[in-house]
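As the structure is a prediction and not an experimental result, all values here were calculated from the model. Heavy-atom basis, side chains included; hydrogens, waters and symmetry copies ignored. Counting starts at 1 for both ligands and their atoms, following the listed order.
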Amino acid sequence: MTKITGDTDIIVSELLKGNIAALPTETVYGLGANALNEDAVLKIFETKERPAFNPLIVHVYEVDELKKYSSDIPEKVYDLAEIFCPGPLTFVLKKKNIIPDIVTAGNDSVGLRIPSHNLFREVLRSSGLPLAAPSANRSGKISPTTAGEVLSELDGRIDFILDGGKCAVGIESTVISFLNNEIKILRHGIITKEEIEKITGKISDSEDSVPLSPGMLKIHYAPSTPLYKCADPAKAAERTGLKTGILDPGKYSDLREAAFHLFSDLRKLDESGFEMLLYSEAENSGIGVAINDRLKRAGSGEIVFTGNSFKIIYG
Ligand code: TXA
Ligand code: MG
């Protein structure tokens with residue numbers, strides 16, 4: 001049976017024993033394990049049914065620990081950390097051997113992040129462990145942003161969920177790579193490219209290049225109900241004759257709020273018995289880039305109307 005608790009001591013003791021537990025971060029809930037314990041990390045992969053080629057982010061308490069787990073750290077990492085850490089930013093850096101291969105899926109790089117949620121920080125501080133933690137959903141599914149959502153993903157598969165309320169950010173961290181003397185965004189998040197470039201100067205998106213972050217797989221965050229992009233969801237819903245749910249990030253007062261609600265709204269729609277879900281894109285700048293990226297990967301394509309007929313463009 002999976003238990004929800006507010007007691008960090010229970011979680012610390014589980015993690016020190018080599019067990020896994022779900023924990024709140026400021027972005028989404030994570031499924032944590034001692035990153036230095038291969039058996040514990042294996043439990044994460046098994047529980048999520050996560051493919052072994054998808055590397056995990058390692059969470060540490062403070063900036064000073066980055067050098068324990070990675071080498072050749074460029075000065076710009078520290079410049080960014082000074083402004084954004086603790087917070088929703090993950091640095092992909094050259095890994096040190098102390099990090100087991102299972103964590104990094106055999107890559108010689110490691111994703112490191114200093115989260116800001118007070119309960120996660122308490123667990124890091126009190127355990128003294130670096131914690132490997134992917135989002136606490138089954139692989140390919142929607143990331144959970146409340147303890148209840150973790151339960152609906154992993155009920156019976158884990159013993160404990162640490163309840164830290166609803167995640168303040170709502171979408172996963174921005175992932176930025178510093179490998180090969182190049183700075184690249186591998187995953188967009190609430191810390192935007194523009195904000196990062198103010199510190200680092202011009203950087204590129206990984207779309208222009210080969211090395212994919214596996215979280216960047218085309219289909220991800222997938223609801224069970226088919227989801228399509230649509231220019232005018234309300235009109236389309238009338239015409240298809242299907243019971244249709246609509247996700248409109250534009251209904252919120254700003255993009256930060258839209259990100260906060262995104263995964264919960266998608267999950268609720270998915271659980272509401274609709275035959276089809278439609279979404280309209282957010283404005284494609286700043287945080288909207290991260291929102292649209294999630295929606296695109298969650299969906300299966302676009303529905304387009306011409307006159308009285310419509311077609312679905314898959315992709
Ligand atoms: O906000 C977050 O980042 C959340 C919370 C729990 O911290 N975690 C999270 O983890 O989203 P996950 O495993 O769902 O996504 C991690 C992403 C994946 O796309 C993974 O491929 C990428 O980070 N990643 C991790 N280590 C990497 C590495 N060494 N090189 C390239 N990509 C890496
Ligand atoms: Mg994930």
Is a salt bridge present between [X] and [Y], judged by a nitrogen-to-oxygen distance below 4.0 Å?
X: Lys43; Y: Glu38; result: no
X: Glu302; Y: Lys311; result: no
X: Glu153; Y: Arg138; result: yes
X: Arg157; Y: Glu46; result: no
X: Lys268; Y: Glu271; result: no
X: Lys198; Y: Glu195; result: no

* Consider ligand 1: state whether an atom of it lies below 4.0 angstrom from any non-hydrogen atom of His59. => yes
* To do: Check whether any heavy atom of Ala133 sits under 4.0 Å from an atom of ligand 1.
  => yes
* Taking only residues at least two apart or on different chains, which pairs with a member in residues 81-109 satisfy salt bridge (charged side-chain N to carboxylate O under 4.0 Å, His left out)? -> Lys95-Asp101
* With respect to Ile303, which candidate in Asp232, Leu278, Thr244 satisfies the side-chain contact (heavy atoms from CB on, under 4.5 Å) definition? -> Leu278
* Asked: Between Val110, Val103, Leu36, which is the residue that forms a side-chain contact (heavy atoms from CB on, under 4.5 Å) with Pro130?
  -> Leu36
Once you restrict to heavy atoms under 4.0 Å, what part of [X] touches ligand 1? Side chain, backbone, both or neither.
X: Asn107; result: neither
X: Thr104; result: neither
X: Lys95; result: neither
X: Arg50; result: side chain

Any nitrogen or oxygen of [X], main chain or side chain, under 3.5 Å from a nitrogen or oxygen of ligand 1?
X: Asn54; answer: yes
X: Arg113; answer: yes
X: Ser135; answer: yes
X: Thr90; answer: no

Would you mind running through ligand 1 and noting each atom that sits below 4.0 Å from a heavy atom of [X]?
X: Pro134; answer: 10 (O), 12 (P), 13 (O)
X: Glu172; answer: 1 (O), 2 (C), 11 (O)
X: Ser173; answer: 1 (O), 2 (C), 3 (O)
X: Val110; answer: 29 (N)
X: Ser109; answer: 28 (C), 29 (N), 30 (N)

* For the Mg ion (ligand 2), which protein N/O/S atoms are closer than 2.8 Å? -> Ser135 OG
* Charged tip of Arg121 within 45° of Tyr61 ring normal and under 6.0 Å -> yes
* State whether Tyr279 and Lys229 meet the cation-pi test: NZ (Lys) or CZ (Arg) under 6.0 Å from the six-membered ring centroid, and within 45° of the perpendicular axis. => no
* Structure fact -> Closest to atom 1 (O) of ligand 1 (heavy atoms only, candidates Ile171, Leu23, Thr25, Thr27) is Thr27
* Give the single entry among Pro24, Pro115, Pro55, Gly111 that approaches atom 24 (N) of ligand 1 most closely by any heavy atom. => Pro55
* Just do the salt bridge (charged side-chain N to carboxylate O under 4.0 Å, His left out) check on Glu238 and Lys235 with the steps written out, would you? => CA-CA 5 Å; Glu238 272 172 30; Lys235 199 160 134 201; over 6 Å; no
* Relative to the ring of Phe310, is the ring of Phe305 parallel (under 30°), tilted (30 to 60°) or perpendicular (over 60°)? -> tilted
* CG on Leu227 to CG on Leu266, rounded to 0.5 Å -> 6.0 Å
